[in-house]
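Keep in mind that the numbers below use all heavy atoms, side chains included, and drop hydrogens, waters and symmetry copies.
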2 protein chains.
Amino acid sequence: MSKEATSAQLNEARPEAAPLSRRERVREATLAEIKAAARRRLVAQGSGGVSLRAIAREMGMTAPGLYRYFASLDDLLLSLEADLFAELGAYVTAANEGVPEDDVDGRVLVSLRAFRFWALANRAEFTLMFGPADPRHPGSPHEDAAMEAGRRFAATFFALFDRLLGEGRFPLPDADGIPRALSCQLRAFAEATGYTSENAADGALRVLTACWVRLYGLVCMEVFQHMAFAMDDMEPLFEAELRDVLESVGVRYRPPAEGNRT
Amino acid sequence: MSKEATSAQLNEARPEAAPLSRRERVREATLAEIKAAARRRLVAQGSGGVSLRAIAREMGMTAPGLYRYFASLDDLLLSLEADLFAELGAYVTAANEGVPEDDVDGRVLVSLRAFRFWALANRAEFTLMFGPADPRHPGSPHEDAAMEAGRRFAATFFALFDRLLGEGRFPLPDADGIPRALSCQLRAFAEATGYTSENAADGALRVLTACWVRLYGLVCMEVFQHMAFAMDDMEPLFEAELRDVLESVGVRYRPPAEGNRT
DNA sequence: CGCTTCAGTAAACGTCGTTTACTGATATTA
DNA sequence: TAATATCAGTAAACGACGTTTACTGAAGCG
């Protein structure tokens, strides 16, 4: 469960085995260095503190040179975002694999806690990924990459949820209680995210979204420091919400182990 | 339920009746004009598009002149934030008062829908208010004003919740089920927000926070366009969550009236 | 009337993203 | 190997930004 997740774990279906000429190798290295510098600035100064000039300065080159690698600053941030989703995904997966496969309850618990922990340990990064999407350049080359990385990340949780669903852990809400309009949106959601299990009826999707909203909302509040003035430690509230949410999907809550901090 | 809420509704306990000398009046007017221009930029270009120079240009003056009114750009934004909280608060209150006082259920429904509606009609503003709090100048003069305005806004909902609580609409969770650490944080929350009703036991605070997290999270997702790629219309999901949340506090759900859009 | 207070300006500094034209070095091909 | 194309990176420039400093001029006040 190391913090630096290997982001080069998936060559995502590169047809050629990529012999990677010398030029390509050094290019890849520079690319990674740029993003590393960008992330340092992100952490140090927040999203607004990432500037091409500062990155270039830190690398001993000039700003226009970066345009050989990214179409714009926004594009760089988008690409970084994609990497971060991969890292978060790998982090959650690693946490997941630290628990025996048959202990689904344990895996669900550890995955969700890992999500929160990563978010808190990487506030600036989380803000970039899950914060407000300002009007970004719509045609940015790395736009799709970021999307795809997000989907991959979500898939981890979908898989766990699907397992609970398959085991019949919790009763599905009445299908009649779901209005047509909602059902329609839920199906669109399922299709867009790729959660297309045969189990995924409307009721299941409804439960899934409800769970996600609660945990996402709480972690957002915590990272965005929305209650910092009123509550210095949000962990008790998170654990309480976790307990309630998991109870609603038939997962037995267990308090966190003492030494689960990386 | 007009969109422009009168933000000058509360003179907040100004000790002197404020005869407001001529100079002070024109100053106040300029101040309002600055914030109006800032808001226009905010709406047009997002939070990053608000610049002193652009505001000054729009007003036919030069940027340094604005420093007679605000200590910095961040300070201006903070002051604007305070105004926006007042406006949102007034908007919700107005919606509230459009429903008979004895119809608590109706008031709760209309208030929460008003919150979402305002957020969607004022996305940029909402992002400024409820989005991530970047490392802002900590000693900004208008910092407290923004805080206080936020508190006032929250108070509207606290009052409604307290009424439900007083009527014994819903069962409180077991006090034994609330760990000491959580109880401690909940009391800190109550004190900091000023929700100090005699009814406000730990269990009640727990329910209140749970409700708020769910609705806040969902509206955030909607405004930040976090699921825009997967769900083009979040209203059905919002209504479903609203229904479930309100059910948990003993409020009978009713679908929205057709013509409730301003 | 004389003095002070204060709104606003002009000029400057250092920051930024981005474009353009250019220089070398590296790879490819003849 | 020699010619050529490709590509990484630079230098200079443009316009925009926040902010500071020194200054002007008018309104308010004794």
Item to complete: Measure the shortest side-chain to side-chain distance between A/Leu237 and A/Met231 over non-hydrogen atoms and say whether it is less than 4.5 angstrom.
Response: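 Yes. Closest side-chain heavy atoms under 4.5 Å.
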With A/Arg39 as reference, evaluate A/Glu33, A/Glu87, A/Glu81 under the salt bridge (charged side-chain N to carboxylate O under 4.0 Å, His left out) test and give the passing residue.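 One option only clears the test, and that one is A/Glu87.
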Whole-Å distance separating the [atom1] atom of [X] from the [atom2] atom of [N]:
X	N	atom1	atom2	value
A/Met61	C/dG24	CE	C1'	15 Å
B/Asp74	D/dG18	CG	C1'	10 Å
B/Arg27	C/dT5	CZ	P	15 Å
B/Phe70	D/dG18	CZ	P	14 Å
B/Leu76	D/dT19	CG	C1'	14 Å
B/Leu77	D/dC17	CG	P	14 Å
A/Leu66	D/dT10	CG	C1'	12 Å
A/Arg68	C/dC22	CZ	C1'	11 Å

Separation between CG of B/Leu112 and CH2 of B/Trp212, rounded to the nearest 0.5 Å: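 B/Leu112 atom CG to B/Trp212 atom CH2 measures 8.0 Å (nearest 0.5 Å).
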Hey, can you tell me if A/Phe130 and A/Phe115 have their rings parallel, tilted or perpendicular (30° and 60° cut-offs)?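 Perpendicular.
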If the plane angle is over 60° it's perpendicular, under 30° parallel, otherwise tilted; pick one for A/Phe158 and A/Phe189.
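Rings of A/Phe158 and A/Phe189: perpendicular, as their planes differ by over 60°.
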Taking donor-acceptor contacts at under 3.5 Å, does the side chain of B/Arg23 reach the base of D/dG28?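 When only heavy-atom distances are counted, B/Arg23 does not reach the base of D/dG28 through any donor-acceptor pair under 3.5 Å.
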Check your understanding: Under a 4.0 Å N-O cut-off, is there an ion pair linking A/Arg151 with A/Glu148?
Key ->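 Looking at A/Glu148 together with A/Arg151, the answer is yes, because their closest N to O distance falls below 4.0 Å.
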Show each protein N/O and nucleotides 10-17 of chain C N/O combination with a separation under 3.5 Å, one pair to a line.
| residue | atom | partner | partner atom | Å |
| --- | --- | --- | --- | --- |
| C/dC16 | OP1 | A/Ser51 | OG | 3.2 |
| C/dC16 | OP2 | A/Arg57 | NH2 | 2.4 |
| C/dG17 | OP1 | A/Leu52 | N | 2.7 |
| C/dG17 | OP2 | A/Leu52 | N | 3.2 |
| C/dG17 | OP2 | A/Arg53 | N | 3.0 |
| C/dG17 | N7 | A/Arg53 | NH1 | 2.5 |
| C/dG17 | O6 | A/Arg53 | NH1 | 2.7 |

